Amino acid sequence: MFLGLFGRRPSAAQQYVARVVEEPAAEEIQWLAAAATHGDQDRAGWELRYMRRALGLLVAQRDALDDRTGSAVARELGIAMQADRHVAADRVKVAERQFNERLSAYREMMALRGMPDTPAERVARTLLLLSGCPRIELEAVAQGAALVERWLRESEDGLRAAFGDPRLPAAGAPKG
């Protein structure tokens, strides 16, 4: 068990957000830099951070049984982003705006229905476009989709680990 501020156990939202803001792996940054950012690893890192955080928030909003969970996660994510050591104090508002733009784009791609591609493929394509990819290759979409699917699973697992497994109240349980 780890202790948060003032020696208190972190809230479930803080525990979850701590996982969502983990840094992308070096090989993930290298992949996106080669596929989309013309070798710019700093930009690739930021695009991946934004995507991971957005996916974490979307999972919390989608999968939580309590409507307050998404709000709590959004609040803690905002606090974590303001404290992010990668962002200069005078650039926090820019980072928040960029995150919100990407969150909206990824939310829209996850929500589309009736398309031949999967939500993970749509999010991966969006990541590549937002990262500056001039020509989207199928292999890059496949690699991006695999990353999206992995981060969605990790977010789902993290949500359960922080908030517990979903349970129906005894009064709402199906009668058998």
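None of the values given here were measured: they were computed from a predicted structure. Sequential numbering from 1 along the given sequence is applied to the chain's residues.
With rounding to the nearest 0.5 Å, the separation of CG in L127 from CG in L32 is 5.0 Å. Rounded to the nearest 0.5 angstrom, R53 CZ and M51 CE are separated by 12.5 Å. One finds the CE atom of M110 at 6.5 Å from the CG atom of L55 (value rounded to the nearest 0.5 Å). With values rounded to the nearest 0.5 angstrom, L152 atom CG is found 11.0 Å from R150 atom CZ. Rounding to the nearest 0.5 Å gives a distance of 6.5 Å between CD1 of I29 and CG of L48. Rounding to the nearest 0.5 Å places CD of Q98 at 4.0 Å from OH of Y50.
Across every non-hydrogen atom of S155 and G56, the tightest pair is OG-CA, 3.6 Å. Among all heavy-atom pairs drawn from A35 and A140, the shortest one is CB-CB, 4.3 Å.
By the 4.0 Å N-to-carboxylate-O rule, D117 lies close enough to R125 to be salt-bridged with it. Ion pair E156/R62 flagged as a salt bridge, since at least one NZ, NE, NH1 or NH2 atom sits closer than 4.0 Å to an Asp/Glu carboxylate oxygen. With salt bridges taken as basic N to acidic carboxylate O contacts below 4.0 Å, none links E22 and R19.
Annotation for L112: atom CG counts as buried by contact number, over 12 foreign heavy atoms lying within 6.0 Å. Crowding of E23 atom CD: a count of heavy atoms from other residues, nucleotides or ligands under 6.0 Å exceeding 12. Heavy atoms of other residues, nucleotides or ligands lying less than 6.0 angstrom from CZ of R97 number more than 12. No more than 12 heavy atoms of other residues, nucleotides or ligands sit less than 6.0 Å from atom CZ of R91.
Applying the side-chain hydrogen bond (donor to acceptor under 3.5 Å, both in side chains) rule to pairs touching residues 34-48 yields E47-R102, sequence neighbours excluded. Among residue pairs with one or both ends in residues 99-154, none qualify as ring pair (Phe, Tyr, Trp, His ring centres under 6.0 Å); sequence neighbours excluded.
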Check the pair V94, V87 against side chain to side chain contact (heavy atoms under 4.5 Å, CB included), reporting the backbone distance first and the verdict last. CA-CA 9 Å; V94 172; V87 182; over 6 Å; no
Residue pair V21, D84: steps toward the side chain to side chain contact (heavy atoms under 4.5 Å, CB included) verdict: CA-CA 9 Å; V21 298; D84 191 329; over 6 Å; no
Pair Q61, R107 - check side chain to side chain contact (heavy atoms under 4.5 Å, CB included), show working. CA-CA 11 Å; Q61 293 170 337; R107 176 182 288 123; 3.1 Å; yes
E101 vs L130, test: side chain to side chain contact (heavy atoms under 4.5 Å, CB included). Steps then yes/no. CA-CA 10 Å; E101 289 168 353; L130 291 170; over 6 Å; no
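Looking at residues two or more places apart in sequence or on another chain, you find no side-chain hydrogen bond (donor to acceptor under 3.5 Å, both in side chains) involving E149.
Looking only at side-chain heavy atoms (C-beta outward), T69 and L159 come within less than 4.5 Å of each other.
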